[in-house]
Amino acid sequence: MSVIDQLELIDGYFDEDSFYMRGIAGFAIEGRYKANGLRSLARLIHENEPFNIIIDSERTIFVPVELNAKLKQELFMIADELELQ
């Protein structure tokens, strides 16, 4: 089973040494990420603390605390896959 098939919260695709993210937990987000950036983002997430992603002055993604561990796991999975390529 590929990493993409295992993702539940993150939507996106791989292209060479980058991951193009299209969404998190049903919220639209667009960005191109390398393994180091995804690992840095994952390290900011703590399992028992609220985590919000500020897109711009008008958009913020509120990640429920109960999804923090899963989101962190998926970010690390994507980073691991990028490092194998």
Check whether any side-chain heavy atom of Pro64 lies under 4.5 Å from a side-chain heavy atom of Phe62, and answer yes or no.
-> no
Count the heavy atoms of every other residue, nucleotide or ligand shown that sit under 6.0 Å from [atom1] of [X], and state whether that count exceeds 12.
X	atom1	answer
Ile54	CD1	no
Glu83	CD	yes
Glu16	CD	no
Asn36	CG	no

[X] side chain to [Y] backbone, donor-acceptor under 3.5 Å:
X	Y	value
Glu47	Asn68	no
Asp11	Arg22	no
Asp56	Arg59	yes

Please check if [X] and [Y] belong to a single hydrophobic cluster, counting links between Ile, Leu, Val, Met, Phe, Trp and Tyr side chain heavy atoms closer than 4.5 Å.
X	Y	value
Ile45	Ile78	yes
Phe27	Ile53	yes
Leu38	Phe51	yes
Ile10	Leu44	yes

Which atoms form the tightest heavy-atom contact between [X] and [Y], and what is the distance?
X	Y	answer
Tyr33	Leu82	O-CD1, 3.9 Å
Ile61	Ala28	CD1-O, 4.4 Å
Leu67	Leu9	O-CD1, 3.8 Å

List the steps, then state whether side chain to side chain contact (heavy atoms under 4.5 Å, CB included) holds for Leu75 with Met21.
-> CA-CA 11 Å; Leu75 290 168; Met21 193 176 301; 4.2 Å; yes
Separation of Met77 CE from Phe19 CZ (nearest 0.5 Å) | 10.0 Å
So which pairs with a foot in residues 25-38 pass salt bridge (charged side-chain N to carboxylate O under 4.0 Å, His left out), sequence neighbours left out?
-> Asp17-Lys34
Verify side chain to side chain contact (heavy atoms under 4.5 Å, CB included) between Ile55 and Ile29, making sure each step is shown before the conclusion.
-> CA-CA 8 Å; Ile55 305 300; Ile29 181 173; 3.7 Å; yes
Partner set under salt bridge (charged side-chain N to carboxylate O under 4.0 Å, His left out) for Asp5, not counting sequence neighbours | none
Yes or no on side chain to side chain contact (heavy atoms under 4.5 Å, CB included) for Glu81 and Phe14, after CA distance, side-chain angles and deciding distance?
-> CA-CA 9 Å; Glu81 183 68 19; Phe14 292 96; 3.6 Å; yes
